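Notes follow the structure.
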2 protein chains.
Amino acid sequence: MGTRERRLRELAEREQRFLDSAREQISEHGLLSLQMAKVARACDYATGTLYQHFASKEDLLLSICADQAEKRVESMARAAHWDAPSRDRMIALVVADVLFAKRHPDHFRLAQYVTTEVIWRAASQKRRDAVLEAHGPIGELVSQVVQDAIDAGDVASFKLRPLEIAIGPWALSEGMHNLVHAEGILDFYDLRDPYRLLLRHSHIHLNGLHWQPLFDPFDDEALTAQLNHICATLFDDLCPEGTGYRYCSPH
Amino acid sequence: MGTRERRLRELAEREQRFLDSAREQISEHGLLSLQMAKVARACDYATGTLYQHFASKEDLLLSICADQAEKRVESMARAAHWDAPSRDRMIALVVADVLFAKRHPDHFRLAQYVTTEVIWRAASQKRRDAVLEAHGPIGELVSQVVQDAIDAGDVASFKLRPLEIAIGPWALSEGMHNLVHAEGILDFYDLRDPYRLLLRHSHIHLNGLHWQPLFDPFDDEALTAQLNHICATLFDDLCPEGTGYRYCSPH
DNA sequence: ATCATCGAATGAACCCGATTCATACTCCGC
DNA sequence: GCGGAGTATGAATCGGGTTCATTCGATGAT
């Protein structure tokens, strides 16, 4: 019965078209002017059809988030499984996040909006779990690298679980995204190149963990060199601007 | 003319009652079930009256945020102006944020929601500026402490502006609030006592800045002792649970 | 070729809640 | 008591998410 498979494939295609269209509308006109009817119209469908794929507007937004979270995790996984010293892998994780943020500047805003909205509602336990599970791999990847570092004797052995250590770099990263995307703080203070700041501070943080320092995090040339190396080795596809210095300021 | 002043005073009082009522409703039933009509009713006014104070629902939410941001800054200012070594002041800043977060658990959720919503809309420029300006002092306070530390020779002198250094601890703090409040990540991973984690990581981060370490950040007893000292000295009023260990886990 | 079946599509109708506005009230100085 | 500025009112309006009774069209059995 090829009919059934064709139906399922068409369903998935339609769903993806809805998702893409919604995402496009968001990044063009902002989240608040996203209207279910417009999304449907943009794909030449009636409103009701959209509701056969997504139970509600919240559901649609969550689906977009989950869709993007997969991509985010994918590149982080590449970093975590890199065949390199744990310190390099740790930095590569941050680089992955930075590149993702540059690639999908709307994602964090949307994710933030969605998660706050969902948590406030405290209903729809299932969806909430879905969002949490989307984050699951991130914590696992980060703490795995920390565990490796402990095993290899690269950092002092702590009485803490790896995730309790990993939460620091993670929070640092999240917070920087926050400041960049949600509050406009960095513009307010005229802080250029926020992602370089993030990378620098990740180095600082790792030094505080008594990690074996590779170089002074305030040495700009060394930092750039390391970033280029990581980008070229792991994330070539995420750096489409050409060769050389892949990590370019958004300003 | 006492009439004019009385009118203004009554206006301010009414406005404050609206703000308090709205905040109460939010923390009781969640942001999403906040209704303008209910807020008005709860204060024994009609809907229209509420709109004489706040141009829109967004305006009301923004006002709540600005109101709370003032309190947050107040306690941070106390920390920044403490007559103590810069390292202690830096930690005290984090403690202030932690105590504030424990005192007003809803604030960060609301702030996040509001800022994302407002940034998306890009309307109501005035209130938006108000929110940004509410953050202004935070950056100034933090970078002032860093500058003092540089001047005193407590940290290596960098080629960076103080705020470019301060942004690290700040982002760390923001990110941890994020993970705690918005995403429920820490519960998901069964990470207890997130604020202790934040404080611990602040120590780690400062160590990475080549700050003079006061003690091993993984030494729980020393950490507790320092926290108690800071709480008792600076934030006695924010620690109402009695004497002794003021910093108690939310779990 | 005809017909029964069923999943998909439709969009007008419904509902909820933010916002507006024409009207009414209250207080004050004169 | 009067005029008017400032306030209060809540029914009406409006926008947009969600529902559902109906229609459509492909499929496959007779």
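Within every chain, numbering begins at 1; the chains are lettered A, B, ... in the order of the sequence lines, protein sequences first and strands thereafter. Since this is a predicted model, take the numbers as computed values, not measurements.
Proximity note for A:Ser56 (side chain, C-beta onward) versus D:dT9, D:dT18, C:dT19: the nearest is D:dT18. Residue B:Arg14 has its side chain nearest to D:dT7 when only D:dT7, D:dT18, C:dA8 are considered. Between D:dG6, D:dT19, C:dT19, one nucleotide has an atom nearer to the side chain of B:Arg7 than all others, and that is D:dG6.
Per the geometry, CG belonging to A:Leu8 stands 12 Å off P belonging to C:dG7, to the nearest Å. Distance, A:Tyr51 OH to C:dA12 C1': 15 Å, rounded to whole Å. Here C:dT26 presents its P atom at 15 Å from CD of B:Glu10, a figure rounded to the nearest Å. The separation between A:Gln52 atom CD and C:dA9 atom P is 6 Å, rounded to whole Å. The separation between A:Leu31 atom CG and D:dG17 atom P is 11 Å, rounded to whole Å. Atoms CG (B:Leu11) and P (D:dA8) sit 8 Å apart, rounded to a whole Å. Computed from coordinates, the A:Asp59 CG to D:dT19 P distance equals 12 Å when rounded to whole Å. Residue A:His53 contributes atom NE2, which lies 16 Å from atom C1' of D:dT18 at whole-angstrom precision.
Within residues 35-45 of chain B, the residues having any heavy atom closer than 4.0 Å to DNA chain C are, in order of number, B:Gln35, B:Met36.
Remark: B:Glu70 pairs with no residue by the side-chain hydrogen bond (donor to acceptor under 3.5 Å, both in side chains) rule, at least two apart or across chains. For the ring-ring contact (aromatic ring centres under 6.0 Å, His included) test, residues two or more places apart in sequence or in another chain that qualify with B:Phe100 are B:His104, B:His107.
Between A:Thr49 and C:dT10, a side-chain N or O to OP1/OP2 separation shorter than 4.0 Å is present. Distances shorter than 4.0 Å separate some side-chain N or O of B:Arg6 from OP1 or OP2 on C:dC28.
Between B:Ala96 and B:Phe235, the shortest heavy-atom distance links the atoms CB-CZ, 3.5 Å. In plain terms, the two heavy atoms of A:Leu141 and A:Leu93 that are nearest each other are O-CD1, 4.4 Å.
Nearer to the 5' terminus of DNA chain D, by closest-nucleotide assignment, is the contact made by B:Thr47 (compared with the other of B:Thr47 and A:Gly48).
Under a 3.5 Å cut-off, the side chain of B:Asp67 and the backbone N or O of B:Ser63 do not form any donor-acceptor pair.
No donor-acceptor contact under 3.5 angstrom links the side chains of B:Glu174 and B:Asn178, judged on distance only. Side-chain contact of B:Asp97 with B:His177: a donor-acceptor pair under 3.5 Å is present, judged by distance alone.
Residue contacts for B:Leu34: at a heavy-atom cut-off of 4.0 Å it reaches the sugar-phosphate backbone alone, with no base atom in range.
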